[in-house]
Amino acid sequence: MPIAQKVFALLVCVGVFAVTVAMVRRRQLREEYSVLWLATSAVMFVLVLRYDWLVALTGLIGAALPTTTLFLGAIIFLMLIVMQFSIKLSELADRVKNLAQENALLRAELHGKVAGTDPYPGAEDASA
Amino acid sequence: MRADTLVIIPAFNEATRIAAVIAGVRAVVPAADIVVIDDGSGDDTAAVARHAGAMVIRHPFNLGYGVTIQTGYKYALAKGCRFLVQIDGDGQHDPAGIPALLAPVSAGDADFVIGSRFLNGNSYRPPLLRRFGMLLFRSIVALVIRQPVTDCTSGFQAFNREVIGFFARDLFPCDYPDADVLISLHLAGFRIREVPVRMSAGAAGKSMHSGIKPVYYVFKMLLSIAVTLLRSHRLYRRRSSCR
């Protein structure tokens with residue numbers, strides 16, 4: 001790997017790592033979302049520094065060039081991040097749904113109390 | 001005094017029709033409580049429904065049909081009612097069919113009763129493409145639950161407290177609760193029955209099966225059926241607290 005390419009790759013890895021840590025420190029990013037970023041930049045840093053490991057890995061996965069392996073790693077990392085976001089979005093959508101339903105039920109209860117009608121008449125004997 | 005039966009009416013922008021639906025339901029089952037679940041309508045649905053004498057639960061924003069009916073189930077569960085009837089707010093379902101829906105549930109002969117437009121000769125017939133989709137899903141449902149169901153997409157239903165508790169859980173498919181619901185009911189061991197009801201054509205452009213949605217619907221429903229069957233059947237076990 002040419003020295004300029006190596007220096008650039010190392011700077012990118014250090015930059016990503018530092019920005020991620022700074023964002024977690026400033027509470028702009030939660031720890032749970034920083035794990036993949038930190039792990040990927042650390043792995044990339046090691047592979048750039050230990051070029052022989054990158055070459056060995058390239059041979060192992062059958063890629064033509066070590067740079068292809070790095071790009072492949074980046075794509076896999078992005079896919080993992082997107083999958084993590086999809087999981088989190090599904091979880092949050094469920095929570096928003098439940099909260100909105102609870103909000104609607106509580107508002108109906110409040111409206112019933114203000115209007116002087118019990119929205120849950122007989123609920124006590126049902127739960128008994 | 002608490003009514004044993006709760007009628008839930010999911011509604012979205014139905015200000016022009018909701019009063020007639022409420023009046024129709026009240027004429028048929030005067031002793032039942034009526035709740036309109038307004039799915040964040042932009043019109044006066046909630047005010048009209050209140051004025052017509054129904055209780056109104058209003059979503060803070062539009063959440064979709066499945067979430068709307070599930071809000072009704074959660075209310076019914078908290079309220080402690082024994083039987084629930086579900087009827088659409090667009091006037092598509094004839095309230096005269098409610099006693100026929102309720103009869104098997106209140107007699108204890110079935111846990112879940114679905115109103116079928118295809119068992120009643122006077123109902124409207126959906127467009128050909130939609131009928132083809134319905135045929136596909138009713139075939140899958142019949143194969144899985146080993147029982148013929150002619151109208152998987154009918155929202156005109158009645159069921160008992162145990163099913164209400166089952167539907168109030170997070171497993172309920174809120175996107176399009178149709179054929180997959182019948183399969184999950186079967187996996188939970190509920191007794192399903194179908195009775196003839198009269199239905200008219202829904203309001204133009206209001207169906208959740210209009211536009212390009214049918215393509216998504218078919219894909220989503222096939223996926224939902226597949227994952228329902230692939231999930232551990234223990235997830236669908238009934239909980240004693242709902243009984």
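Chain A is the first sequence line, chain B the second, and so forth, proteins listed ahead of strands; every chain is numbered from 1.
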Take atom [atom1] of [X] as the centre, draw a 6.0 Å sphere, and report whether it contains more than 12 heavy atoms from other residues, nucleotides or ligands.
X: A:Y51; atom1: OH; result: yes
X: B:F219; atom1: CZ; result: no
X: B:R231; atom1: CZ; result: yes

Could you tell me if the side chain of [Y] sits less than 4.5 Å from the side chain of [X], heavy atoms only?
X: A:H111; Y: B:M55; value: no
X: B:I57; Y: A:E109; value: no
X: B:Q70; Y: A:K97; value: yes

Rounded to the nearest 0.5 Å, what separation is found between the [atom1] atom of [X] and the [atom2] atom of [Y]?
X: A:E102; Y: B:K74; atom1: CD; atom2: NZ; result: 7.5 Å
X: A:L105; Y: B:H59; atom1: CG; atom2: NE2; result: 7.5 Å
X: A:Q101; Y: B:T68; atom1: CD; atom2: OG1; result: 8.5 Å

- Non-hydrogen atoms of chain B under 4.5 Å away: do they reach the side chain of A:N103, the backbone, both or neither? side chain

- Query: Where is the tightest heavy-atom contact between A:A100 and B:P60, given as atom of each residue plus distance?
  - Reply: O-CD, 3.7 Å

- Part of B:V67 lying under 4.5 Å from any heavy atom of chain A: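 When you check distances to chain A, atoms from both the backbone and side chain of B:V67 fall under 4.5 Å.
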
